[in-house]
Amino acid sequence: MESMTSEPASAAKAASIAAATPAEAEAQAASERPAPAIDVVEWTIEVGVASQSAEGTHYHADVYRQDEWLSRIAMSGAAASRAEAESLLADKCRDWIAAYENRERSGDTAFAVL
């Protein structure tokens, strides 16, 4: 007689993520990790529509530091709603900002006369 064992939680989670749409998988993965703390006075994020297709609406976020544009983060798939896109992009932007602030510096990065 075969023994019936339950599937490990991590395998079940991976199976549920694999069955989800890319946007749903990103949302689920993002909701499971803590958001890095960022200085909201220094950093701002603006979400906009990147494109619309038969798949749905694609969004992107522009990341600003003290009103200076630094990066554009785009979603890999369409979002079901603007609220979903804003949530996903906020998590991606927080990760990008944390990586940006914690990267190694190789010296003076200011513009200068060569």
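Computation of the quantities below employed the complete heavy-atom set of this structure, encompassing side-chain atoms and omitting hydrogens, waters and symmetry-equivalent molecules. Note that this is a predicted model, so its numbers are computed, not measured.
Among residue pairs with one or both ends in residues 46-55, none qualify as salt bridge (charged side-chain N to carboxylate O under 4.0 Å, His left out); sequence neighbours excluded. The ring pair (Phe, Tyr, Trp, His ring centres under 6.0 Å) pairs that include a residue from residues 83-104 are W43-Y100, W96-Y100, where partners are two or more places apart or lie in different chains. Sorted by first and then second residue, the pairs that involve residues 69-81 and meet salt bridge (charged side-chain N to carboxylate O under 4.0 Å, His left out), not counting sequence neighbours, are D62-R72.
Atoms NZ and OG, from K92 and S71 in turn, are 11.0 Å apart once rounded to the nearest 0.5 Å. Remark: R65 CZ to T44 OG1 distance equals 11.5 Å, nearest 0.5 Å. Expressed to the nearest 0.5 Å, how far CD of E42 lies from CG of D67 amounts to 11.0 Å. Atom CD1 of I45 sits about 4.5 Å away from atom CD1 of I97, to the nearest 0.5 Å.
In the hydrophobic cluster analysis, where Ile, Leu, Val, Met, Phe, Trp and Tyr join through side-chain heavy atoms closer than 4.5 angstrom, L89 is grouped together with L70.
Annotation: side-chain contact (heavy atoms from CB on, under 4.5 Å) contacts of T57 (sequence neighbours excluded): V49, Q52, Y59. Applying the side-chain contact (heavy atoms from CB on, under 4.5 Å) criterion to A50, with sequence neighbours excluded, gives H58, H60.
Residues A61 and C93 approach most closely at CB-SG, 3.7 Å, considering heavy atoms.
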